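It should be emphasised that the depicted structure is a prediction, and the values quoted were computed from it without experimental measurement. Every heavy atom of this structure was used, including side-chain atoms; hydrogens, water molecules and symmetry mates were not.
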Amino acid sequence: MTLTPSRTLYPERPPWRSHAWPVSGGHVLHVDEFGHEAGLAVVVLHGGPGSGCSPVLRRVFDPDRYRIICMDQRGSGRSQPQGETRHNTTADLLADIRLMRERLGIERWLVSGGSWGATLALAHALNEPHAVLGLFLRSSFLARQVDIDDFFAGSHASFAGAPLDASFTRWLSEAMNGADDALRRRTALAWWRHEQSLIFGQGQQARSLAPEGDALTSCINRYRVQSHYLAHTCWLGDAPLLARCHQLPIVPTLLLHGTEDRICPPDGALALHQRLPHATLTWIPGAGHDPTHPGLMTATIDALDLFAAEGRFVAAKTASPA
């Protein structure tokens with residue numbers, strides 16, 4: 001695939017409508033609607049879990065052609081309570097997505113997700129195949145135990161007091177959700193440093209300043225939720241996504257993946273594409289996990305512009321990463 005010169009994000013616009021919806025377990029979901037009220041509906045599923053829906057995720061969509069639906073998942077972003085793990089499972093999130101679609105009166109929508117958001121997009125498409133117009137999956141994460149283990153490989157010693165065996169993710173969840181505030185802060189900082197060492201691709205530099213104050217509080221809330229999900233294999237261990245891919249709707253599907261992604265390595269995208277022969281797999285040379293990589297951003301905006309115009313993604317020649 002030949003990429004056009006680097007694209008920039010669409011201009012920032014305020015939401016034209018916002019919602020605060022009480023749901024089960026005492027959670028209140030924050031949902032924003034951006035773009036054009038009569039545009040093509042797209043639901044934007046953020047990563048993490050626990051990260052919240054950032055402006056970058058919505059500004060790749062043309063606001064004159066899309067109705068952009070952004071939900072902060074349970075415990076994330078501006079949803080309340082922040083960092084809450086009770087009544088917070090993948091099944092709860094799928095129920096929230098169904099409720100959101102029904103309340104907004106949307107019959108079918110494009111489903112967009114990156115990293116954990118791609119995991120949730122696949123789970124939603126399996127849960128409500130009739131509601132999916134297309135799937136845009138960036139940096140796909142399959143939530144297999146091997147994916148989780150590989151992410152933390154070689155890092156256990158950086159987490160003071162962490163076990164070096166298979167109980168690591170359980171310890172991580174207990175550390176982030178326990179009563180020891182000092183341990184929680186140390187663990188969050190160690191996790192942040194490890195993530196920063198992996199996230200960027202060629203030509204990008206990692207942030208040098210560790211989070212403090214409100215930024216550290218946000219990190220702690222995010223990692224509380226994320227560790228809770230990882231300790232339970234995102235509640236997908238008994239029904240792996242790959243094993244159920246044959247049940248996915250046959251709709252336009254684009255898998256976009258950086259060749260240098262060390263958080264969601266390329267072999268996951270290859271495995272997913274083998275189960276989805278109707279999908280297009282496009283590699284972005286030199287890109288890591290960061291969605292703002294110029295090549296990744298350009299390919300994203302180009303693909304979503306084409307889908308808005310023609311209801312399809314660019315047909316690209318699939319090739320293994322060098």
Side-chain angles (χ1 to χ4, degrees), residues 1 45-51 57 90 93 111-127 132 134-155 166 168-169 191 194-195 197-202 226-227 229-248 251-291 293 295-296 299-300 303 313 316-322:
M1 178 180 181
L45 301 175
H46 66 72
S51 297
L57 300 182
T90 300
L93 300 188
V111 183
S112 172
S115 194
W116 159 253
T119 318
L120 193 56
L122 289 167
H124 167 57
L126 288 165
N127 190 48
V132 179
L135 288 166
F136 175 81
L137 308 176
R138 172 185 49 78
S139 307
S140 298
F141 173 65
L142 299 175
R144 301 169 296 183
Q145 187 61 54
V146 65
D147 299 317
I148 298 169
D149 292 343
D150 285 351
F151 172 74
F152 288 110
S155 71
F168 175 74
T169 53
W191 193 332
H194 177 61
E195 197 169 51
S197 72
L198 299 178
I199 196 169
F200 296 101
Q202 295 176 5
Q226 193 165 341
S227 64
Y229 272 72
L230 296 183
H232 292 88
T233 326
C234 302
W235 291 273
L236 293 168
D238 293 333
L241 289 176
L242 280 180
R244 292 187 287 154
C245 278
H246 66 282
Q247 300 172 5
L248 286 166
V251 295
T253 301
L254 177 62
L255 312 177
L256 205 59
H257 214 99
T259 61
E260 303 301 319
D261 195 328
R262 292 179 293 166
I263 290 182
C264 297
D267 71 310
L270 284 169
L272 183 57
H273 188 239
Q274 289 172 359
R275 302 297 183 96
L276 299 177
H278 67 277
T280 295
L281 172 57
T282 300
W283 298 107
I284 308 302
H289 196 70
D290 178 22
H293 181 279
L296 196 51
T300 295
F313 293 115
K317 183 178 178 181
T318 300
S320 297

Which atoms form the tightest heavy-atom contact between [X] and [Y], and what is the distance?
| X | Y | result |
| --- | --- | --- |
| Thr259 | Pro285 | OG1-CA, 3.5 Å |
| Arg144 | Thr233 | C-CG2, 4.5 Å |
| Leu137 | Ala121 | CD2-CB, 3.7 Å |
| Val132 | Val251 | O-CG1, 3.5 Å |
| Trp116 | His46 | CD1-O, 3.5 Å |
| Ser139 | Cys264 | O-SG, 3.6 Å |

### Query
Are Leu296 and Asp290 close enough, and set up right, to give a side chain to side chain contact (heavy atoms under 4.5 Å, CB included), and what steps lead you there?
CA-CA 8 Å; Leu296 196 51; Asp290 178 22; over 6 Å; no
Can you tell me how far [atom2] of [Y] sits from [atom1] of [X], rounded to the nearest 0.5 angstrom?
| X | Y | atom1 | atom2 | value |
| --- | --- | --- | --- | --- |
| Arg262 | Asp150 | CZ | CG | 13.5 Å |
| Leu142 | Arg275 | CG | CZ | 10.0 Å |
| Phe152 | Leu230 | CZ | CG | 5.5 Å |

### Any side-chain heavy-atom pair of Leu120 and Val111 under 4.5 Å
no
What donor-acceptor contacts under 3.5 angstrom involve side-chain atoms of residues 235-248, with partners at least two apart or in another chain?
residue: Arg244; atom: NE; partner: Ala239; partner atom: O; Å: 3.2
residue: Arg244; atom: NH2; partner: Ala239; partner atom: O; Å: 3.1
residue: His246; atom: ND1; partner: Ala243; partner atom: O; Å: 3.3

### Task
Return the orientation label for the His257 and Trp283 ring planes: parallel under 30°, perpendicular over 60°, tilted otherwise.
perpendicular
### Message
For Phe141, is there any backbone N or O sitting under 3.5 Å from a side-chain donor or acceptor partner on Thr119?
### Response
yes
### Query
Where the side chain of Thr90 meets the backbone of Cys234, is there a donor-acceptor pair that is under 3.5 Å apart?
yes
### Contacts of type ring pair (Phe, Tyr, Trp, His ring centres under 6.0 Å), residue His124, not counting sequence neighbours
Trp109
### Task
Applying side chain to side chain donor-acceptor pair (under 3.5 Å) between Asp261 and each of His293, His289, Arg138, report the one that passes.
His289
### Task
Scan Thr253, Leu254, Leu255 and name whichever one has a side-chain contact (heavy atoms from CB on, under 4.5 Å) with Phe136.
Leu254
